[in-house]
Amino acid sequence: MKKILRWFIPVVALLALAACSKERDARDRYEFDAEWAAAYYYGADALGGVNSFQLDLAQGRTDEDLDLISSGAVVRLLISAPLANSIALPDGLYQGSATPENAYTFYYGSVQADKSISGSYVGVRTGKQTQFYPIEQGKVSVVAGDGGQYEIRVEVRTDRKSFSFSYLGAIQTFDCTAKGK
C-alpha cells in the first residue's frame, strides 16, 4: 500500500499542476473567426525593396477607421511583401519583425508616448471599451485562391495574451498610392 501511495501522490500533484496551467493558457488565448477582411496597398517602401500593405481582419461591426462599434476583435497588420506588378496581397508565410525592410514580414507594434499604438496590433471590445494590444511576435499565413478568395491564418502574441484569427473569403484590396487615388 505504501508503494502505491508513493507513486500515486506525485502523479496526482503533477496532474493538478497541469490542470492549472491549461486553465491559465485557456484564459490567455483568444480565437476569432473573422467576418471580413480588407487589404490596403501603399506601394514600394522608401528603399524600394518591398511592397507595403495593411491587412485588417475583424469579427464584429466596425466603423470606417476599423474602430469596433460592437463586441468583437480586430487585427491590423503592417505587412512587407515582395515587389510585384500587382496590388494583390501575395501568398506566403509572414513572420513578425522589428523592422519593415524584409519581404514576408509584418512590423511589430509599440505603444507611443501619447498612448496610441504604432505598427501591428489587436483590438478587443467587450462592453463599451476597446482594449488594444501591440503585437510582439507571431506569424501570418496567406493563401490566395481563384477569384480573389483568400485563406488567412493569424497567430500572434502580445505582452500577456495570444490571439488567433482565421478568415476564408474575398478580400478587397484598395490602392492607396498616388496613382490609385
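Heavy-atom neighbours of D114 CG from other residues, nucleotides or ligands within 6.0 Å: above the threshold of 12.
Clustering ILVMFWY residues whenever any of their side-chain heavy atoms sit less than 4.5 angstrom apart, transitively, puts Y107 in a cluster other than the one holding F165. Cluster annotation: I79 and Y41 are assigned to the same hydrophobic cluster (Ile/Leu/Val/Met/Phe/Trp/Tyr, side-chain heavy-atom contacts under 4.5 Å, transitive). Under a hydrophobic-cluster definition in which Ile, Leu, Val, Met, Phe, Trp and Tyr are linked whenever side-chain heavy atoms come within less than 4.5 Å, directly or via other members, V111 and L78 are assigned to different clusters. Following chains of ILVMFWY side-chain contacts shorter than 4.5 Å, one can reach V75 starting from I171, so the two form part of one hydrophobic cluster.
In this structure a side-chain-to-backbone donor-acceptor pair under 3.5 Å is missing from S97 to P100. Checking side-chain atoms of S70 against main-chain N and O of R61 turns up a donor-acceptor pair under 3.5 Å. No donor-acceptor distance shorter than 3.5 angstrom exists from the side chain of Q95 to the backbone of T105, with no hydrogens or angles considered.
Using a 30° and 60° split on the angle between ring planes, F163 and F32 fall in the parallel class, below 30°.
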Query raised in the report: Between E31 and R29, is a salt bridge (charged side-chain N to carboxylate O under 4.0 Å, His left out) present by the stated rule, with each step listed?
Result: CA-CA 7 Å; E31 295 183 12; R29 180 162 179 75; 3.6 Å; yes
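Taking R157 as the reference, nothing meets the salt bridge (charged side-chain N to carboxylate O under 4.0 Å, His left out) condition, with sequence neighbours excluded.
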Extract all donor-acceptor atom pairs below 3.5 Å that involve side chains of residues 129-137 and protein atoms in other chains or at least two apart in sequence.
none

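For the residue pair S166/D33, the side-chain donor-acceptor check at 3.5 Å is satisfied.
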